[in-house]
Trainee: 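Have a look at the structure that comes next, please.
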Amino acid sequence: MRGRVLIVAGSDSGGGAGIQADIKTVTALGGYAATAVTALTAQNTMGVLGVLDIPAAFVARQMEAVLSDIGADCIKTGMLHTADIIEAVADVIARDAPDIPLVVDPVMAAKDGTRLLEPAALDAFKRRLAIPALLFTPNVAEAETLTGLTIRNVTDMTHAAKMIHTLGPRAVLLKGGHIPGDVLTDVLVDDEHVEVFESPRIETEHVHGTGCTLASAIATGLAQSMSVREAVIRARAYVLEAILSAPGLGEGRGPLGHGHTVRPFRGAV
């Protein structure tokens, strides 16, 4: 069976983002989710109240345990937080999973502004995870941090995505949800193509965890033998439906409705 996704990310006690959103997404799309938890967060729809890191050696041990028994068809990283954790995760990937597709969601800050990647860890992040990555999925703010550019429109997005591509990942999906407008635009860049995806913007506060959900949906598609483009198309459709079916929980930015699917694709057995 293909469709095994090893998720290396932080936990969200509110269930809307992080490991919790990742597991829901992979399951909804017909995959199998395993996890290595990098940090515990105390958070809800109003914001992050605290972060507790898992020791880097134990993060690595979780990954080793999964890879040595269950295995993985794709690895997805989310919140890594510290340079030590990044180094430990990269070491395991290099040693035990060099040929497994890697989706890197460069989670740097929560929607309330709480830092989820220490500034001192940025160099390790770019140095250790860019080259082995099949796909990077930054949002506009993260792309600005990675490139030093100011991004205001699709032209800027394309330029930034191309710059991030030069760091090493084979493809970059730059998410444009932070740019105002009636149309939400994402830009996919690889060695040969630039493709722009558009969808109508939905005016809602219930968008907590959209980045985690999108990256995990893409990782599931890759684990099921989809191409990057196919996985992106299905993932974007899944996130759109998840926003439309959000349960309306909480007083702030509420979670998505993860419990639906969009034509699950299981790939070859």
Side-chain angles (χ1 to χ4, degrees), residues 1-12 14-39 41 62-63 66-67 70-80 89 93 97 100-108 110-111 116 129 133-139 142 169 171-175 177 186 188 197 207-243 245-246 255-267:
M1 170 187 175
R2 293 188 66 82
R4 303 164 297 172
V5 182
L6 172 56
I7 301 149
V8 186
S11 168
D12 173 2
I19 288 283
Q20 287 82 351
D22 298 327
I23 293 172
K24 295 172 192 176
T25 298
V26 173
T27 303
L29 293 174
Y32 179 85
T35 64
V37 180
T38 61
T41 68
Q62 294 175 77
M63 295 176 67
V66 172
L67 291 169
I70 295 168
D73 302 301
C74 188
I75 297 172
K76 179 252 180 176
T77 66
M79 176 186 176
L80 299 178
V89 169
I93 291 170
I100 296 175
L102 172 64
V103 175
V104 175
D105 186 19
V107 177
M108 296 181 182
K111 283 186 169 65
L116 301 179
L129 292 178
L134 172 59
L135 179 68
F136 257 37
T137 63
N139 60 31
E142 291 158 352
V172 176
L173 180 69
L174 205 166
K175 302 170 293 188
D186 300 328
L188 178 64
F197 298 94
V207 291
H208 181 52
T210 50
C212 303
T213 298
L214 181 68
S216 285
I218 295 170
T220 307
L222 295 173
Q224 295 166 332
S225 300
M226 287 183 173
S227 68
V228 170
R229 182 177 185 273
E230 290 170 335
V232 167
I233 290 171
R234 185 182 69 167
R236 293 184 83 256
Y238 174 78
V239 171
L240 177 62
E241 291 299 321
I243 294 171
S245 60
L256 309 184
H258 290 95
H260 69 90
T261 189
V262 284
R263 296 177 58 198
F265 176 89
R266 298 180 184 277

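What's counted below: heavy atoms across the whole structure, side chains too, no hydrogens, waters or symmetry copies.
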Trainee: Can you name the side chain to side chain donor-acceptor pair (under 3.5 Å) partners of T213, sequence neighbours left out?
Mentor: H258
Trainee: Are K76 and L222 close enough that some pair of their side-chain heavy atoms sits under 4.5 Å apart?
Mentor: no
Trainee: Closer than 3.5 angstrom, by distance alone: can the side chain of D73 be matched with the main-chain N or O of R4 as a donor-acceptor pair?
Mentor: yes
Trainee: What are the two closest heavy atoms between A133 and V104, and how far apart are they?
Mentor: CB-CG2, 3.8 Å
Trainee: Run the numbers on D12 and H208 for side chain to side chain contact (heavy atoms under 4.5 Å, CB included), then give the verdict.
Mentor: CA-CA 11 Å; D12 173 2; H208 181 52; 2.9 Å; yes
Trainee: How many angstroms lie between CG in D186 and CG in N139, if you round to the nearest 0.5 Å?
Mentor: 10.5 Å
Trainee: Just to verify, which of V172, I233, V228 counts as forming a side chain to side chain contact (heavy atoms under 4.5 Å, CB included) with L188?
Mentor: V228
Trainee: Closest heavy-atom contact between V66 and T35?
Mentor: CG2-O, 4.2 Å
Trainee: Just verifying a value: how many Å separate C74 SG and L102 CG, rounded to the nearest 0.5 Å?
Mentor: 7.0 Å
Trainee: So, using side chain to side chain donor-acceptor pair (under 3.5 Å) as the criterion, who are the partners of Q20 when residues are at least two apart?
Mentor: S11
Trainee: State the CG-CG distance between D105 and L135, to the nearest 0.5 angstrom.
Mentor: 9.5 Å
Trainee: Taking K175 for its side chain and T137 for its backbone only, find out whether a donor-acceptor pair lies under 3.5 Å.
Mentor: yes
Trainee: Step by step, work out the side chain to side chain contact (heavy atoms under 4.5 Å, CB included) result for L67 and I100.
Mentor: CA-CA 10 Å; L67 291 169; I100 296 175; 4.1 Å; yes
Trainee: So, for V37 and Q62, which heavy atoms are closest and what is the spacing to 0.1 Å?
Mentor: N-OE1, 2.8 Å
Trainee: Among all residues two or more places apart in sequence or in another chain, which pass the side chain to side chain donor-acceptor pair (under 3.5 Å) test with T27?
Mentor: none
Trainee: Rounded to the nearest 0.5 Å, what separates atom CD1 in I70 from atom CG in L6?
Mentor: 9.0 Å
Trainee: Measure the spacing between OG1 of T41 and CD1 of I19 and express it to the nearest 0.5 Å.
Mentor: 10.5 Å
Trainee: Measure from the side-chain N and O atoms of T38 to the backbone N and O of M79, and report whether any donor-acceptor pair falls under 3.5 Å.
Mentor: yes
Trainee: What heavy-atom pair brings D22 and I7 nearest, and what distance separates the two atoms?
Mentor: OD2-CG2, 3.1 Å
Trainee: What closest approach, in Å, do G16 and P255 show between heavy atoms, and which atom pair accounts for it?
Mentor: CA-CB, 3.8 Å
Trainee: Checking the side chain of K24 only, and the main-chain atoms of G15 only, is there a donor and an acceptor separated by less than 3.5 Å?
Mentor: yes
Trainee: In Å, rounded to the nearest 0.5 Å, how long is the span from CG of L29 to NE2 of H260?
Mentor: 8.0 Å
Trainee: Looking only at non-hydrogen atoms, find the nearest pair between Q224 and G3 and report the distance.
Mentor: CG-CA, 3.9 Å
